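Worksheet for the structure shown next.
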Amino acid sequence: MDVYLDYQSAKPVDESVLKTMLPYFKQEFGNPSSLHKTGDKATTTLEDARKKVANFINAPNPEDIIFTSGATESNNLALIGGAMRYKRNGNHIITSEIEHISIRNIVKYLQREGFEIDKVPVDQFGKINLEKFKRMIRDETILISIAIASNEIGTIQPIREISKIAQENEILFHTDAIASESSLPIDVHEVPFDMVSLSSNDIYGPKGIGALYLKKGIRVNPVIIGGGQEKGIRSGSYNLHGIVGFGKAAEIMKKEMPSETERLKKYRDKLIENVLETIPNSYLNGHPSERLAHNAHFRFDYIEGESLILDLKEVNIAAATGSACSSKTLEPSHTLISCGLLHEEAHGSLLFTLGRYTKESDIDAVIVKLPKIIRRLRMMSPLTPPDLIKKYNEVKE
Ligand code: PMP
């Protein structure tokens, strides 16, 4: 049986989400922009899904949800749309050193367009330095974008404090909520977010659909211009089957999250404890306690993460080296380097992300197979010190 522990890069669609979606491919094919009855029915479906997504983050007005094609587009709309809208007020944007590649590349683009970018550093566990963050704020700062939690190392940020500081300074605050969407509740009523990027697949909905929460009164320039759907903020015919699936996934996740995260935390802790105990020279990346329930990110001395992934693949275990979106590059992870790791340390990393269909037997399989793989790789590696080889030779496999 295959063991899939790479939920951060892709999740299967929940069975009841799929069931809800199916009629919208054929029988219920209408376009909400049409004026006839088929169009009216599609509008009702669209608005019902919008309510469900709004309810997922406790947004008071469903119309504050703008449907997009996914997290990347939501991030583009928030940052480029926000920067262009408010550029008369200033040209300074703050983000963090450990944001997802989509945010990193958007701010790189904005920098080329004349905006000034500052990235808040993090400590060894990947936590934002609040004092340095406060000191970065200037009169020209118009936008702050910091994720609730890291998609790589799973560290949860002091997001209430960050958003409060943004609010006190009257600066637009955006968060990419993708990494934490399946394990930390988002409440825009409690935490003053101005914009939140959401993705359907990260809560077991279909791929290719997402949303941007835009607090009432916040304006952004559109980045996709056309027929004027979504109040002109995001044009393009509605992906209604995707939207329906997203709505259903949000409804299920809202209900399941408390019990699901409890279960995953138990599995995660079992995995972490066993790996650190049984494998010499192994370490946990990210924060020891303030971390996402589904994230276990390790590093091992004298080993390349890529070799580990390939050997795990041989025994039907799927894991990742870091961010799914850049796992095929040979560059070390910018997140791990920002946490102070050396290149060779960052290269020895391995990420397991758990999810709705993870069973305890999956964790047990890793606990049995991983130490053997690491032992074999280390026995072959010229980097392994003689005393460790000796230690391995002393104990039978
Ligand atoms: N932000 C984060 C934190 C992500 O993990 C991802 C990738 N799942 C994205 C943004 C981009 O998502 P997508 O490729 O679905 O647009």
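The residues of the chain are indexed from 1 along the displayed sequence. Everything quoted here is computed from the prediction, not taken from an experiment.
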Check your understanding: Between E230 and R50, is there a salt bridge with N-O shorter than 4.0 Å?
Key -> yes
Exercise for review: Report yes or no: does E73 contribute a side-chain atom to a donor-acceptor pair with the main-chain N or O of S69 at less than 3.5 Å?
Suggested key: yes
Check your understanding: Under 6.0 Å from the NZ atom of K270, do we count more than 12 heavy atoms belonging to anything else shown?
Key -> yes
**Study point:** K51 NZ: over 12 foreign heavy atoms closer than 6.0 Å
**Key:** no
Revision key, fill the gap. Residue set satisfying side-chain hydrogen bond (donor to acceptor under 3.5 Å, both in side chains) with D14, at least two apart, ordered chain then number -> S16, R356, Y357
Check your understanding: Checking salt bridge (Lys or Arg N to Asp or Glu O under 4.0 Å) for the pair D48/K52: CA distance, chi angles, key distance, verdict?
Key -> CA-CA 6 Å; D48 180 56; K52 287 178 175 150; 3.1 Å; yes
Point to revise | ring-ring contact (aromatic ring centres under 6.0 Å, His included) partners for F67, two or more places apart | key: none
Point to revise | Shared hydrophobic cluster for V196 and I103 (ILVMFWY, side-chain gaps under 4.5 Å) | key: no
Check your understanding: If you draw a 6.0 Å radius around CD in E15, do more than 12 non-hydrogen atoms from other residues or ligands fall strictly inside?
Key -> no
Practice item. Verify the neighbour count for atom CG of L35: are there more than 12 heavy atoms of other residues, nucleotides or ligands below 6.0 Å? Key: no
Review point. Has the side chain of D123 got a donor or acceptor atom that lies under 3.5 Å from a matching backbone atom of G126?
Key: yes
Check your understanding: Is the CG atom of D139 crowded by more than 12 outside heavy atoms at less than 6.0 Å?
Key -> no
Review point. Do D64 and K215 have side chains that get closer than 4.5 Å, going by heavy atoms?
Key: no
Exercise for review: Answer yes or no: is there a donor N or O on one side and an acceptor on the other, between the side chain of R376 and the main chain of D311, under 3.5 Å?
Suggested key: no
Review point. Sub-3.5 Å donor-acceptor pair from the side chain of N295 to the main-chain atoms of E152, do we have one?
Key: yes
Review point. Is the closest side-chain donor-acceptor distance between S349 and N285 under 3.5 Å?
Key: yes
Exercise for review: Examine H287 together with F125 and report whether their ring centres are nearer than 6.0 Å.
Suggested key: yes
Exercise for review: Check for a donor-acceptor pair, side chain of T384 on one end and backbone N or O of Y302 on the other, with a separation under 3.5 Å.
Suggested key: no
Review point. Would you say the side chain of E116 lies within less than 4.5 Å of the side chain of E140, judging by non-hydrogen atoms?
Key: no
Review point. Hey, is K37 close enough to D40 for a salt bridge, meaning N to O under 4.0 Å?
Key: no
Review point. Do NZ/NE/NH1/NH2 and the carboxylate oxygens of K134 and E131 come within less than 4.0 Å?
Key: yes
Review point. Counting only heavy atoms not in Q27, do more than 12 sit closer than 6.0 Å to its CD atom?
Key: yes
Review point. Going by atom types only, do T68 and S74 share a side-chain donor-acceptor pair under 3.5 Å?
Key: yes
Practice item. Give a yes or no on whether H36 atom NE2 has more than 12 heavy-atom contacts from other residues, nucleotides or ligands under 6.0 Å away. Key: yes
Review point. How far apart are the C-alpha atoms of E394 and K390, what are their side-chain angles, what is the distance that settles it, and do they pass the salt bridge (Lys or Arg N to Asp or Glu O under 4.0 Å) test?
Key: CA-CA 6 Å; E394 280 164 10; K390 190 164 164 259; 3.7 Å; yes
Revision key, fill the gap. Those residues at least two apart in sequence (or on a different chain) that pass ring-ring contact (aromatic ring centres under 6.0 Å, His included) with Y4 are Y7
Revision key, fill the gap. Correct closest heavy-atom pair for L292 and S150 would be CD1-O, 3.9 Å
Exercise for review: From the options F133, Y213, F193, select the one residue that forms a ring-ring contact (aromatic ring centres under 6.0 Å, His included) with F173.
Suggested key: F193
Check your understanding: Of all heavy-atom pairs between G30 and T38, which one has the smallest distance, and what is that distance?
Key -> CA-CG2, 3.7 Å
Point to revise | Atom NZ of K255 with >12 non-hydrogen neighbours under 6.0 angstrom | key: no
Review point. Is the closest side-chain donor-acceptor distance between E260 and H294 under 3.5 Å?
Key: no
Review point. For C339 and I153, which heavy atoms make the closest approach, and how far apart are they?
Key: SG-CD1, 3.7 Å
Check your understanding: Do the side chain of N201 and the main chain of K11 share a donor and acceptor less than 3.5 angstrom apart?
Key -> yes
Practice item. In sequence, state the C-alpha distance, the side-chain angles, and the governing distance for Y109 and R112, and then conclude on side chain to side chain contact (heavy atoms under 4.5 Å, CB included). Key: CA-CA 5 Å; Y109 165 80; R112 288 197 297 271; 4.0 Å; yes
Practice item. Could you point out which residue of E161, E97, E290 forms a salt bridge (Lys or Arg N to Asp or Glu O under 4.0 Å) with K127? Key: E290
